[in-house]
Amino acid sequence: MRSIPVDTSAATVMLVVPPAPKLKDKRTGERSMDHETGAPMSTVTVNYIYDGAVELLTVAVPETGLSGEFLPGMLVALTGLVARPWETEFNGRKQHGISFRAVAVTALAPVGARG
């Protein structure tokens with residue numbers, strides 16, 4: 001499916017859940033890998049705040065794209081964020097949604113830091 005670039009320049013992005021391994025198979029613990037680089041994938045959960053609205057997003061990112069110490073509540077930058085619509089059929093039931101992926105997630109100011 002098509003990847004749709006997401007402009008984050010006017011948004012505030014706050015970390016909710018720090019990076020965790022993205023699993024391909026939860027039963028076996030098999031880790032998801034980046035199809036292009038072979039790097040292990042992680043997920044982060046963020047509050048994406050734009051124009052007074054807040055959306056909770058889970059974003060996939062290669063481990064090589066994680067930089068900084070990540071603490072809940074801190075501001076982060078999402079580099080190369082894209083949205084990908086998806087659709088699947090499981091047990092005769094169609095499901096669909098939007099997944100998010102970033103090239104990198106960078107920690108900005110630590111929680112409580114003053115600039």
Side-chain angles (χ1 to χ4, degrees):
M1 290 223 145
R2 183 167 190 246
S3 292
I4 304 164
V6 178
D7 180 5
T8 62
S9 62
T12 300
V13 183
M14 181 183 296
L15 186 70
V16 176
V17 178
K22 181 176 182 192
L23 299 180
K24 181 176 183 176
D25 186 331
K26 292 180 184 176
R27 291 177 294 117
T28 65
E30 181 183 0
R31 189 92 185 259
S32 290
M33 305 300 275
D34 186 322
H35 296 291
E36 295 173 12
T37 67
M41 296 295 290
S42 292
T43 59
V44 296
T45 303
V46 298
N47 278 331
Y48 186 88
I49 307 162
Y50 177 75
D51 198 27
V54 179
E55 297 289 336
L56 189 65
L57 306 180
T58 298
V59 180
V61 61
E63 269 189 4
T64 53
L66 298 171
S67 62
E69 182 181 350
F70 296 98
L71 300 169
M74 73 184 323
L75 298 180
V76 295
L78 301 175
T79 303
L81 182 65
V82 294
R84 292 182 176 157
W86 59 268
E87 182 176 273
T88 189
E89 190 168 332
F90 184 71
N91 289 335
R93 226 177 93 208
K94 285 190 177 184
Q95 299 176 327
H96 61 276
I98 299 173
S99 64
F100 294 91
R101 179 187 168 109
V103 172
V105 178
T106 306
L108 298 178
V111 177
R114 304 264 187 244

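For the pair Tyr50/Thr8, no side-chain contact is recorded, criterion being any heavy-atom separation below 4.5 Å from C-beta on. Using a 4.5 Å heavy-atom threshold, the side chains of Arg93 and Gln95 count as touching. Counting heavy atoms from C-beta on, the side chains of Phe100 and Leu78 never come closer than 4.5 Å. Using a 4.5 Å heavy-atom threshold, the side chains of Pro62 and Lys22 count as separate. No side-chain heavy atom of Ser32 sits less than 4.5 Å from a side-chain heavy atom of Thr43. Contact check for Leu56 versus Asn47: side-chain heavy atoms found under the 4.5 Å cut-off. Annotation: side chain of Val105 is not in contact with side chain of Pro19 (no heavy-atom distance under 4.5 Å).
The shortest heavy-atom contact between Glu69 and Ala107 is O-CB, 3.5 Å. Residues Val13 and Tyr48 share a closest heavy-atom pair of CG2-CD1, 4.0 Å. Across all non-hydrogen atoms, the minimal contact from Phe70 to Leu15 is CB-CD2, 3.6 Å. Shortest non-hydrogen contact noted between Asp34 and Met41 is N-CG, 3.6 Å. In this structure, Ala83 and Val6 approach most closely via the heavy-atom pair N-CG2, 3.9 Å.
Between the side chain of Ser3 and the backbone N or O of Arg84, no donor-acceptor pair lies under 3.5 Å.
When the shell of 6.0 Å around CD of Glu36 is examined, it contains 12 or fewer heavy atoms from other residues, nucleotides or ligands.
Evaluated for a side chain to side chain contact (heavy atoms under 4.5 Å, CB included) with Val46, the options Val16, Thr58, Val76, Leu81 yield exactly one hit, Val76.
Put simply, Ile98 and Leu57 are part of the same group of oily side chains (I, L, V, M, F, W, Y) that touch within less than 4.5 Å, one to the next.
Here the straight-line distance linking atom CZ of Arg31 with atom NZ of Lys24 works out to 13.5 Å at 0.5 Å rounding.
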